[in-house]
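Structure first, commentary second.
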Amino acid sequence: GAVVSQHPSWVICKSGTSVKIECRSLDFQATTMFWYRQFPKQSLMLMATSNEGSKATYEQGVEKDKFLINHASLTLSTLTVTSAHPEDSSFYICSARDRESEKLFFGSGTQLSVL
Amino acid sequence: DAKTTQPPSMDCAEGRAANLPCNHSTISGNEYVYWYRQIHSQGPQYIIHGLKNNETNEMASLIITEDRKSSTLILPHATLRDTAVYYCIVIGGYQKVTFGTGTKLQVIP
């Protein structure tokens, strides 16, 4: 089946540093990728929609300068949390839509802890 | 602005069928109904999807009402490993994909 690889699976960083999370579709081309954030015992909250070759569309309340998204190719999107602070600690999940089947597949998530 | 509503929690005895309902009364003609499940600290796992016909695969069956305003995911013989949060979402075209609160299914031995 289709696989979305998300890396790293967990990261601990100091406050003020930046963290990059990668999301790759391994065996399909993804025209659209979505980035979500999830707090404990809550549902996934959409942060932004990323289309290959164009600027990401951010949801209301999500700072685009804080959460930089780059979708440079049909198989790779990255989320960079800039100048991370403890309140940015969360579980981040990406998903990719298969260009042919239009199915949506999810990465395994990244647990970010900012000290 | 989730497009689906689900009961917050359900219990099911091990070995019995688990029937998880979902309402999507505002679904559009080109939108599919997708089901995913999430086990703690993992990404959502694809289960099944459909447009208007009932669907079955090795994991589950999906029953969609004729008016498409609701659907039911059926796990025919629930096991303890099926304990998870189940999300029903609608996806169409290139619209953004948002999640509702899902149903926490607890399979009881």
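Computed from a prediction, not measured in an experiment: that's the story for all the values here. Per chain, numbering begins at 1; letters A, B, ... match sequence-line order.
The neighbour count for A:E100 CD, taken as heavy atoms of other residues, nucleotides or ligands under 6.0 Å away, does not exceed 12. Within 6.0 Å of NZ in A:K66 there are more than 12 heavy atoms belonging to other residues, nucleotides or ligands. Counted within 6.0 Å of OH on B:Y32, heavy atoms from surrounding residues, nucleotides or ligands total 12 or fewer; the atom is thus considered open.
B:V97 and B:W35 fall into different hydrophobic clusters, defined by Ile, Leu, Val, Met, Phe, Trp and Tyr side-chain heavy atoms under 4.5 Å apart, directly or through other members. At a threshold of 4.5 Å between side-chain heavy atoms, the hydrophobic network of Ile, Leu, Val, Met, Phe, Trp and Tyr places A:F91 and A:I21 in two separate groups. Both A:L112 and A:W35 are members of a single hydrophobic cluster when ILVMFWY side chains are connected at heavy-atom separations under 4.5 Å. Put simply, B:L80 and B:M10 are part of the same group of oily side chains (I, L, V, M, F, W, Y) that touch within less than 4.5 Å, one to the next.
B:Y87 approaches A:Q38 most closely through the heavy-atom pair OH-NE2, 3.8 Å.
For the pair B:Y34/A:K103, a side-chain contact is recorded, criterion being any heavy-atom separation below 4.5 Å from C-beta on.
Heavy-atom distances place no part of B:Q45 under 4.5 Å from chain A, backbone and side chain included. Of the two parts of A:L46, only the side chain, counted from C-beta on, holds a non-hydrogen atom closer than 4.5 Å to a non-hydrogen atom of chain B. Using a 4.5 Å cut-off between heavy atoms, A:Q42 touches chain B through its backbone atoms (N, CA, C, O) alone.
Within the model, atoms CZ of A:R97 and CD1 of B:I91 stand 5.5 Å from one another, a figure rounded to the nearest 0.5 Å. Considering CE of A:M47 and NZ of B:K96, their distance stands at 14.0 Å, rounded to 0.5 Å. To the nearest 0.5 Å, atom CG of residue A:L44 and atom OH of residue B:Y36 are 11.0 Å apart. A:S43 OG to B:Q6 CD: the interatomic distance, rounded to the nearest 0.5 Å, is 9.0 Å.
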